[in-house]
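Notes to accompany the following structure.
The residues of the chain are indexed from 1 along the displayed sequence. The model shown is predicted, which means the values in this text are computed figures rather than measured ones.
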Amino acid sequence: MTKWELARYIIDAKKSIDTILFISEHGNQITGINLREKITSAKTKFYVCACVVLDKCFPKSKKEICKDPVINAVYYERDKNFAHKDDDYQQREYSSLSELADEMKSQLEKVAEICEPHLPQGLTLDYLSFDSELFRIIHGVTKEKEEAILNIKHPNRNKHCDN
């Protein structure tokens, strides 16, 4: 896997954190969506993506890297909770979504730190409270409104060139 393919997994994991931050800030404005399911989906994607990066960077060293408690916690969540449910899985309780997001940030930063030699130079983890689907719901952005905006921004986007 190339450095940029690994970066894509890191970015997807970061976007999961962005989603949780968005729900934390705007959850009270969202109706008609199962937010618990959205949060679980974001967490699943986060832990799977983080472990893909770890597995690709350290294909034969899982026991060694799991000596770090943060990395061990990443694998624990993926293996015991999201890959399949173990009877002995102990779910951590969070006082807020912000606390969950902060923990996930520290985990992703640790993954990026130990995988740095395998990642492209200049890759940064800039968190943004954003989720495109939930943003559209809150602001009533329908497909028609989106098309109208795109037509204003790019007036010739639907015209074909005759060469």
Side-chain angles (χ1 to χ4, degrees), residues 1-120 123-139 141 143 146:
M1 195 172 276
T2 70
K3 288 184 176 199
W4 284 106
E5 288 170 323
L6 289 173
R8 183 75 242 175
Y9 283 98
I10 292 279
I11 291 166
D12 285 345
K14 183 209 75 79
K15 285 181 177 181
S16 295
I17 296 169
D18 295 344
T19 293
I20 291 173
L21 290 170
F22 189 83
I23 293 170
S24 174
E25 291 178 21
H26 303 284
N28 60 341
Q29 299 172 29
I30 302 166
T31 59
I33 294 283
N34 183 339
L35 291 181
R36 182 180 301 274
E37 189 176 292
K38 185 81 171 167
I39 292 164
T40 300
S41 176
K43 286 174 62 179
T44 301
K45 185 174 185 179
F46 172 84
Y47 287 108
V48 168
C49 287
C51 287
V52 165
V53 173
L54 290 167
D55 290 343
K56 295 298 181 183
C57 292
F58 303 98
K60 297 181 179 165
S61 308
K62 182 177 175 182
K63 287 187 187 214
E64 187 65 33
I65 62 173
C66 281
K67 290 179 182 175
D68 183 295
V70 175
I71 299 301
N72 190 51
V74 170
Y75 273 112
Y76 178 80
E77 283 298 317
R78 196 259 334 245
D79 294 343
K80 301 287 187 178
N81 189 24
F82 296 113
H84 55 79
K85 289 280 189 200
D86 279 8
D87 292 335
D88 63 344
Y89 172 70
Q90 297 290 317
Q91 185 168 344
R92 179 155 181 242
E93 298 295 323
Y94 299 95
S95 61
S96 68
L97 287 175
S98 296
E99 182 183 352
L100 169 62
D102 287 343
E103 180 179 76
M104 291 168 71
K105 284 179 189 178
S106 67
Q107 290 171 337
L108 187 59
E109 288 162 8
K110 184 65 173 183
V111 169
E113 175 190 319
I114 70 167
C115 295
E116 183 182 15
H118 306 277
L119 297 170
L123 180 68
T124 61
L125 297 173
D126 301 315
Y127 303 101
L128 174 67
S129 171
F130 184 72
D131 181 278
S132 61
E133 176 188 2
L134 297 177
F135 178 87
R136 283 177 169 87
I137 290 170
I138 288 174
H139 297 285
V141 179
K143 184 68 176 162
E146 188 171 355

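- More than 12 heavy atoms of other residues, nucleotides or ligands lie within 6.0 Å of CD in E146, so this atom counts as buried by the packing criterion.
- The closest side-chain heavy-atom distance from L6 to C57 is below 4.5 Å.
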Would you list the atom pairs, donor with acceptor, under 3.5 Å between side chains in residues 92-100 and any protein atom, with sequence neighbours excluded?
| from | atom 1 | to | atom 2 | distance (Å) |
| --- | --- | --- | --- | --- |
| R92 | NH1 | E103 | OE2 | 2.3 |
| R92 | NH2 | E99 | OE2 | 3.2 |
| Y94 | OH | E103 | OE1 | 2.3 |
| S95 | OG | E99 | OE1 | 2.5 |
| S96 | OG | S98 | N | 3.4 |
| S96 | OG | E99 | N | 3.1 |
| S98 | OG | S24 | OG | 3.3 |
| E99 | OE1 | S95 | N | 2.8 |

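- For the pair K105/D102, a side-chain contact is recorded, criterion being any heavy-atom separation below 4.5 Å from C-beta on.
- In this structure, the side chain of D18 does not engage the main chain of F130 through any donor-acceptor pair within 3.5 Å.
- Here the CG-CE distance, from D55 to M1, works out to 10.0 Å after rounding to the nearest 0.5 Å.
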Report the C-alpha separation of L134 and H26 in whole Å, then their side-chain angles, then the decisive distance to 0.1 Å, and conclude whether the side chain to side chain contact (heavy atoms under 4.5 Å, CB included) test is met. CA-CA 9 Å; L134 297 177; H26 303 284; over 6 Å; no
Throw together a table of side-chain donor-acceptor distances under 3.5 angstrom for residues 31-38, partners on residues two or more places apart or in other chains.
| from | atom 1 | to | atom 2 | distance (Å) |
| --- | --- | --- | --- | --- |
| N34 | OD1 | R36 | N | 3.2 |
| N34 | OD1 | E37 | N | 3.1 |
| K38 | NZ | E133 | OE1 | 2.8 |

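- Shown here are the salt bridge (charged side-chain N to carboxylate O under 4.0 Å, His left out) partners of K3, two or more places apart in sequence or in another chain: there are none.
- Closest of all the heavy-atom pairs between S106 and V70 is O-CG1, 4.2 Å.
- A distance of 9.5 Å separates OG in S132 from CZ in F22, rounded to the nearest 0.5 Å.
- In this structure, the side chain of Y76 engages the main chain of Q90 through a donor-acceptor pair within 3.5 Å.
- Residues F46 and S16 come closest through the heavy atom pair N-OG, 3.6 Å.
- Residues L54 and Y9 have side chains not in contact (no heavy-atom distance under 4.5 Å, counting atoms from C-beta outward).
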Check: residues 107-114 side-chain donor-acceptor pairs under 3.5 Å, at least two apart:
| from | atom 1 | to | atom 2 | distance (Å) |
| --- | --- | --- | --- | --- |
| Q107 | OE1 | Y47 | OH | 2.8 |
| E109 | OE2 | Y127 | OH | 3.3 |
| K110 | NZ | D68 | OD2 | 3.1 |

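- To the nearest 0.5 Å, atom CD of residue Q29 and atom CZ of residue F135 are 10.5 Å apart.
- Atom CD1 of I39 is separated from atom CD1 of I23 by 4.5 Å, given to the nearest 0.5 angstrom.
- Looking at residues two or more places apart in sequence or on another chain, you find no salt bridge (charged side-chain N to carboxylate O under 4.0 Å, His left out) involving K56.
- In terms of heavy-atom proximity, I17 sits nearest to A101 at CG2-O, 4.2 Å.
- The list of ring-ring contact (aromatic ring centres under 6.0 Å, His included) pairs with a residue in residues 98-118, not counting sequence neighbours, reads F58-H118.
- For the atom pair CG (D131) and CD1 (I30), the distance works out to 7.5 Å, reported to the nearest 0.5 Å.
- Listed here is the closest heavy atom pair of N72 and C66: CB-O, 3.3 Å.
- Taking NZ from K14 and CG from L123, the interatomic distance works out to 10.5 Å, rounded to the nearest 0.5 Å.
- Closest non-hydrogen pair, L119 versus A7, comes out as CD2-N, 4.0 Å.
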